[in-house]
Amino acid sequence: MIKRLLLTSTGGTVGRLIIEMIRETLPTRARIIAADAHIDVSYMTDLVTPAKLPEARDPGYNTAIRTLIAKEEIDSVLPMSEEECLVISEMAEREQLHGARYIGMSHAALNVITNKVRCAETLSRAGLDVPVCLPLSSLDTLERDVAQLGYPEAPVVLKPIRARGSRGFRIISAETNGLVEMNRKGGEIFIDLNQVREIFRGQEGALGDYFLMEFLPGGSLSIDLVAWNGGMLGAFPHRRMGYEWGFMDHAKISRDAAAEAYAREAIKVLGMHGMCNIELGYRTDGRLSLIEVNGRTSATAAQNRLVGANLFEMLMRAEDGHLDPFEFTTSAEYRMLSEYRQLQG
């Protein structure tokens, strides 16, 4: 039984929603210690004991989290960013968490999942549909490389190889209007080839950290998952319905047999465990293909309560031996302010 739970990367509106979901599952006397490297979480003292941690890439992160675990007598740790999952999973395997239990995926699985190219190659070898991916190797061959992916008739995706949330993601489009993009709410997404050259000119050493990916034109869906040692306990497809009413993210949760079948196979191939997420996109013929796999829970995790599911409760029940898959028969639409845009004011 959890008595003192450490949650990391919990700042912002989305973090609060997930904390409320977790709070529902824990015993009344249990405490949640919440930490975030960038956001002061002291405004959530009605739900958590606030704490502070550096970024996972900080050389002092391991010492800081061990100190916090000892000080607060923490018995369980749930990281909510992939960078922290990578560090904490390795610390757990080396028994460096002062006996606290790590709730999440194995370090080996995360090493594959957080490398988008390696993850796509792994799923492709297993027979799952993935987009064509090419290395961003040279500015001299950029035009030729994007042409292989359908440019200029079709856009091309530019992404960092290592998981960074939405940071570094851009769509290269020949129809980009610079003035429109400059005024786009939430930041510039579409860029043209000249902008790509300008971004990397003088910084060619960073090219190897990015790759080019075939664009999936038919829309996308995000599947919130609860996995258990390579098996699927619950899948909750969220079909995006576009941004409406200002900054509102409009989506629908409903069953999708094809998406659930893809997720089930991906979970098995990658050995996924815990609360996690898969992003899929549609080809023009309606087939589903990979966008990316996320080894941590998503911003929409708490919204699954609309169809009767508490993902954290499902995970805790599985630890007690209740491994029956969660089936839901209803659907639900929701509109949620995105964390990034909410923080931008």
Side-chain angles (χ1 to χ4, degrees), residues 56 79-90 92-93 102-137 145 148-149 156-169 207-216 218 220-237 256-283 285 287-298 315 325:
M80 295 175 64
S81 78
E82 284 183 317
E83 289 174 334
E84 289 174 307
C85 284
L86 273 169
V87 175
I88 295 173
S89 63
E90 186 173 31
E93 290 174 11
Y102 158 66
I103 302 173
M105 214 167 298
S106 72
H107 189 68
L110 285 164
N111 260 329
V112 175
I113 288 168
T114 57
N115 183 312
K116 295 183 177 70
V117 174
R118 189 187 305 168
C119 184
E121 290 171 347
T122 301
L123 294 180
S124 178
R125 287 195 297 269
L128 289 168
D129 193 297
V130 303
V132 177
C133 300
L134 296 174
L136 185 62
S137 54
D145 292 340
Q148 293 184 61
L149 299 177
V156 171
V157 177
L158 171 66
K159 299 177 74 171
I161 292 174
R162 282 290 179 181
R164 298 279 293 150
S166 61
R167 289 170 285 179
F169 166 81
L207 288 170
D209 296 332
Y210 293 80
F211 71 105
L212 301 167
M213 189 177 84
E214 177 187 5
F215 181 76
L216 300 171
S220 65
L221 57 81
S222 172
I223 313 172
D224 290 334
L225 300 164
V226 178
W228 187 263
N229 294 331
M232 190 171 79
L233 295 182
F236 304 89
D256 186 309
E260 292 168 33
Y262 192 111
R264 182 176 290 104
E265 187 64 19
I267 287 171
K268 181 173 71 174
V269 171
L270 298 170
M272 297 170 72
H273 180 85
M275 297 188 296
C276 42
N277 174 271
I278 295 178
E279 302 269 348
L280 299 176
Y282 289 94
R283 295 187 178 278
D285 62 3
R287 285 181 298 137
L288 283 167
S289 190
L290 179 71
I291 294 179
E292 65 182 35
V293 178
N294 299 300
R296 42 81 186 150
T297 194
S298 74
L315 189 59

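What you see is a predicted model, and the numbers here were worked out from it, not measured in a lab.
A 4.5 Å side-chain heavy-atom check between Ile161 and Tyr210 finds every atom pair outside the cut-off. Leu212 places a side-chain heavy atom less than 4.5 Å from the side chain of Leu149. For the pair Val130/Cys119, no side-chain contact is recorded, criterion being any heavy-atom separation below 4.5 Å from C-beta on. Side-chain contact check for Leu158 versus Phe169: every heavy-atom pair is 4.5 Å or farther apart. The side-chain heavy atoms of Asp209 and Arg162, taken from C-beta on, include no pair separated by under 4.5 Å. The shortest distance between side-chain heavy atoms of Met272 and Val293 falls below 4.5 Å. Counting only heavy atoms from C-beta outward, the side chains of Phe211 and Leu134 never approach each other to under 4.5 Å.
Rounded to the nearest 0.5 Å, atoms CE (Met213) and CZ (Phe215) are 9.0 Å apart. For the atom pair CD (Glu82) and OG1 (Thr114), the distance works out to 6.5 Å, reported to the nearest 0.5 Å. Cys133 contributes atom SG, which lies 8.0 Å from atom CD of Glu121 (distance to the nearest 0.5 angstrom). Here CG of Asn229 is found 11.5 Å from CD1 of Ile267. Values are rounded to the nearest 0.5 Å. Annotation: the span from Leu290 atom CG to Ile278 atom CD1 amounts to 7.5 Å, rounded to 0.5 Å.
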Next on the checklist: Set out, in order, the CA-CA distance, both residues' side-chain angles and the distance that settles side-chain contact (heavy atoms from CB on, under 4.5 Å) for Ile223 and Phe236, then state yes or no.
Outcome noted: CA-CA 5 Å; Ile223 313 172; Phe236 304 89; 5.7 Å; no

Item to check | Residues Glu214, Arg283; criterion salt bridge (Lys or Arg N to Asp or Glu O under 4.0 Å); working and verdict | outcome: CA-CA 10 Å; Glu214 177 187 5; Arg283 295 187 178 278; 2.8 Å; yes

Next on the checklist: Walk me through whether Leu233 and Trp228 qualify under side-chain contact (heavy atoms from CB on, under 4.5 Å).
Outcome noted: CA-CA 7 Å; Leu233 295 182; Trp228 187 263; 3.8 Å; yes

Item to check | Verdict with supporting geometry, Leu216 and Tyr282, side-chain contact (heavy atoms from CB on, under 4.5 Å) | outcome: CA-CA 6 Å; Leu216 300 171; Tyr282 289 94; over 6 Å; no

Next on the checklist: Applying side-chain contact (heavy atoms from CB on, under 4.5 Å) to Ser106 and Glu93, what does each step give before you reach the verdict?
Outcome noted: CA-CA 8 Å; Ser106 72; Glu93 290 174 11; 4.0 Å; yes

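Within the 3.5 Å criterion, the main-chain N or O of Ala120 finds no donor-acceptor partner in the side chain of Ser124. Side chain of Arg264 to backbone of Ala259: no donor-acceptor contact under 3.5 angstrom is found. Judged by distance alone, the side chain of Tyr102 and the main-chain N or O of Met105 form a donor-acceptor pair under 3.5 Å. At distances below 3.5 Å, at least one donor-acceptor pair connects side-chain atoms of His107 with backbone N or O atoms of Leu86. Of the possible donor and acceptor atoms, none in the side chain of Asn294 sits under 3.5 Å from a partner among the backbone N and O of Arg296.
Taking each heavy atom of Ala263 and Met232 in turn, the nearest pair found is CB-SD, 4.1 Å. For the pair Ala227 and Cys276, the tightest heavy-atom approach, listed with the atom from each and the gap, is CB-SG, 4.1 Å. Minimum heavy-atom separation, Cys85 to Gly295: SG-O, 4.1 Å. For the pair Ile291 and Ser220, the tightest heavy-atom approach, listed with the atom from each and the gap, is CD1-CB, 3.7 Å. Of all heavy-atom pairs spanning Leu225 and Ala235, the tightest one is CD2-CB, 3.7 Å. Pairing each heavy atom of Asp129 with each of Ser289, the nearest pair is OD1-OG, 2.6 Å.
Sequence neighbours left out, the pairs with a member in residues 267-276 that pass salt bridge (Lys or Arg N to Asp or Glu O under 4.0 Å) are Glu265-Lys268.
With Val112 as the partner, the side chain to side chain contact (heavy atoms under 4.5 Å, CB included) test is satisfied by one option alone out of Leu123, Leu270, Val269: Leu270.
Between the side chains of Glu84 and Ser81, at least one donor-acceptor pair of N or O atoms lies under 3.5 Å.
Applying the side chain to side chain donor-acceptor pair (under 3.5 Å) rule to Ser222 yields the partners Asn277, Glu279; only residues at least two apart in sequence or on another chain are considered.
Under 4.0 Å is where a charged nitrogen must lie from a carboxylate oxygen, and between Lys159 and Glu292 at least one such pair does.
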